[in-house]
Amino acid sequence: MGNSNGCTVDDLQAVEMHLWYKKFMTECPSGQLTLHEFKQFFGLKGLDSEANAYIEQMFRTFDMNKDGYIDFMEYVAALSLVMRGKMEHKLRWYFKLYDVDGNGCIDHYELLNIIKAIRAINGNDNQDSTAEEFTNRVFDRIDVNGDGELSLEEFVEGARSDGDFMEVMMKSLDLRHIMAMIHNRRHSV
């Protein structure tokens, strides 16, 4: 049940997992990634306060056991979800990431700050609309009950039906540069 060169899918996944582990342990020999190391690991330095707050929220979301560190299993789980997960799971994860105060809904202020942070991190200053205009448009389109908050259901359904919003979410955690780092590490480790 292998391919033409004798490698099975499980073998390929094991090789990839090993590469991720080598990268993780090279960058973080203690096996526990702190917030500071997380920012260095992903090349996130010199961010403005909004982008920094977003990265801190992302770190807390990756830190599934809430011990203040990201261990290898949390790292792999997060990367696997973001890179290979089903859209439903990704949308639920994004919701958790965007719900900064953890109250089960995303308010206008939370979404606005996330949009500003994403634009700051990605360097997308040349947008057709301001972050405020974009946030207002998202709420106009997907806040079905008009209560000024996005429930998980509104968020998931809205993201599926609003291409602009979906595109912003997908860009909010674009990990292509991380995969390039891991790939480049294959040849240097």
Please report the C-alpha distance between Glu88 and Arg92 in whole Å, then the side-chain angles of each, then the deciding distance to 0.1 Å, and finally whether the side chain to side chain contact (heavy atoms under 4.5 Å, CB included) criterion is met. CA-CA 6 Å; Glu88 176 78 18; Arg92 289 177 177 278; 3.1 Å; yes
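- At a threshold of 4.5 Å between side-chain heavy atoms, the hydrophobic network of Ile, Leu, Val, Met, Phe, Trp and Tyr places Leu97 and Tyr109 in two separate groups.
- Salt bridge absent: Arg137 and Glu133 never bring a charged side-chain N and a carboxylate O closer than 4.0 Å.
- Nearest heavy-atom pair across Ile55 and Phe38 is CG2-CE2, 3.8 Å.
- Nearest approach of Lys22 to Thr26, heavy atoms of both residues: O-OG1, 2.6 Å.
- Remark: His89 pairs with no residue by the ring-ring contact (aromatic ring centres under 6.0 Å, His included) rule, at least two apart or across chains.
- Taken from CE in Met58 to OG1 in Thr61, the straight-line distance is 8.0 Å, to the nearest 0.5 Å.
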CA sep, side-chain torsions, deciding dist, call: Lys66, Glu74, salt bridge (charged side-chain N to carboxylate O under 4.0 Å, His left out): CA-CA 11 Å; Lys66 307 301 179 208; Glu74 290 168 328; over 6 Å; no
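- For the residue pair Arg141 and Asp162, the shortest heavy atom distance occurs at CD-OD2, 2.6 Å.
- Arg160 is listed as a side-chain neighbour of Leu91, based on a closest heavy-atom distance under 4.5 Å.
- Aromatic ring pairs are classed by plane angle as parallel below 30°, tilted from 30° to 60° and perpendicular above 60°; the pair Tyr75 and Phe24 is tilted.
- Asn145 contributes atom CG, which lies 10.5 Å from atom CD of Glu153 (distance to the nearest 0.5 angstrom).
- Rounded to the nearest 0.5 angstrom, Asn113 CG and His108 NE2 are separated by 10.0 Å.
- Within the 4.5 Å cutoff, side-chain heavy atoms of Thr34 are placed close to those of Tyr69.
- A heavy-atom distance below 4.5 Å is found between the side chains of Lys39 and Glu56.
- Of all heavy-atom pairs spanning Glu149 and Asp147, the tightest one is O-OD1, 2.7 Å.
- Below 30°, between 30° and 60°, or above 60°: for Phe165 and Phe155 the angle between ring planes is above 60°, a perpendicular geometry.
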Verdict with reasoning, Arg60 to Asp63, per side chain to side chain contact (heavy atoms under 4.5 Å, CB included): CA-CA 5 Å; Arg60 286 189 296 274; Asp63 179 15; 5.5 Å; no
